[in-house]
Amino acid sequence: MIYIVKDLASLEELKTNPNLKQVYRKIQLDENLPLSTQYSKQLNKYYYACGCQEGSMAVFASMIGLATAYFVTDRQFFDTWWKGIAVLAIAALLGKTAGIVYAKLKLKATLRTLRKALATT
């Protein structure tokens, strides 16, 4: 289902109603609204962000770092296997958290811009 933003009230509902994510799979701005094509993609990207891409990038970078540490320290860094697993888990958690925080900040900025545009019309 598609959630269509028609006015300022429906835009505010995106911010206040957390259940919309479970019901609607896409957000679309009404064609008559200013900036509709430009901001529809941004709203969808940031509203439904889960941080998975950032988490996977952090895990990949940590794997490269662990491989480098393995060869540089003559394998002394890996006296137990759980250290590597812990580093990867922490990297995934931090990357995912950073991705979610970034998306929330960008969503707030996008909503603020749209709110200003809708208030003038």
To the nearest 0.5 angstrom, please state how far the [atom1] atom of [X] sits from the [atom2] atom of [Y].
{"X": "Leu107", "Y": "Leu114", "atom1": "CG", "atom2": "CG", "value": "9.5 Å"}
{"X": "Lys15", "Y": "Arg112", "atom1": "NZ", "atom2": "CZ", "value": "8.5 Å"}
{"X": "Arg115", "Y": "Lys108", "atom1": "CZ", "atom2": "NZ", "value": "10.5 Å"}
{"X": "Leu29", "Y": "Gln42", "atom1": "CG", "atom2": "CD", "value": "10.0 Å"}
{"X": "Lys26", "Y": "Ile4", "atom1": "NZ", "atom2": "CD1", "value": "10.0 Å"}
{"X": "Leu88", "Y": "Leu93", "atom1": "CG", "atom2": "CG", "value": "12.5 Å"}

Worksheet item: Run the side chain to side chain contact (heavy atoms under 4.5 Å, CB included) check on Leu20 and Tyr3 step by step: do they pass?
Response: CA-CA 8 Å; Leu20 290 178; Tyr3 181 79; 4.1 Å; yes

Discussion item. Other residues, nucleotides and ligands only: do more than 12 of their heavy atoms fall within 6.0 Å of OH on Tyr48?
Written reply: yes

Discussion item. So for atom CD, which belongs to Glu13, do other residues, nucleotides or ligands contribute more than 12 heavy atoms lying within a distance under 6.0 Å?
Written reply: yes

Transitively linked via ILVMFWY side-chain contacts under 4.5 Å: [X] with [Y]?
{"X": "Val72", "Y": "Val87", "result": "no"}
{"X": "Met63", "Y": "Ile90", "result": "no"}
{"X": "Leu111", "Y": "Tyr24", "result": "yes"}
{"X": "Ile64", "Y": "Leu94", "result": "no"}
{"X": "Phe60", "Y": "Ile85", "result": "no"}

Worksheet entry | Derivation and outcome, side chain to side chain contact (heavy atoms under 4.5 Å, CB included), residues Ser10 and Asp7 | CA-CA 6 Å; Ser10 59; Asp7 54 7; 3.0 Å; yes

Could you tell me whether a side-chain N or O of [X] sits under 3.5 Å from a main-chain N or O of [Y], the two making a donor and an acceptor?
{"X": "Tyr46", "Y": "Lys41", "result": "no"}
{"X": "Asn44", "Y": "Ile27", "result": "yes"}
{"X": "Lys96", "Y": "Cys50", "result": "yes"}

Response to the item:
Shortest non-hydrogen pair, Leu66 vs Gly84, comes out as CD1-O, 3.8 Å

Worksheet item: How close do Ala58 and Ala91 get, heavy atom to heavy atom, and via which atoms?
Response: CB-O, 3.3 Å

Discussion item. Test side chain to side chain contact (heavy atoms under 4.5 Å, CB included) on Asp30 and Val5; report intermediate values, then the result.
Written reply: CA-CA 6 Å; Asp30 193 307; Val5 176; over 6 Å; no

Worksheet item: Of all residues at least two apart in sequence or in a different chain, which pass the ring pair (Phe, Tyr, Trp, His ring centres under 6.0 Å) check with Tyr47?
Response: none

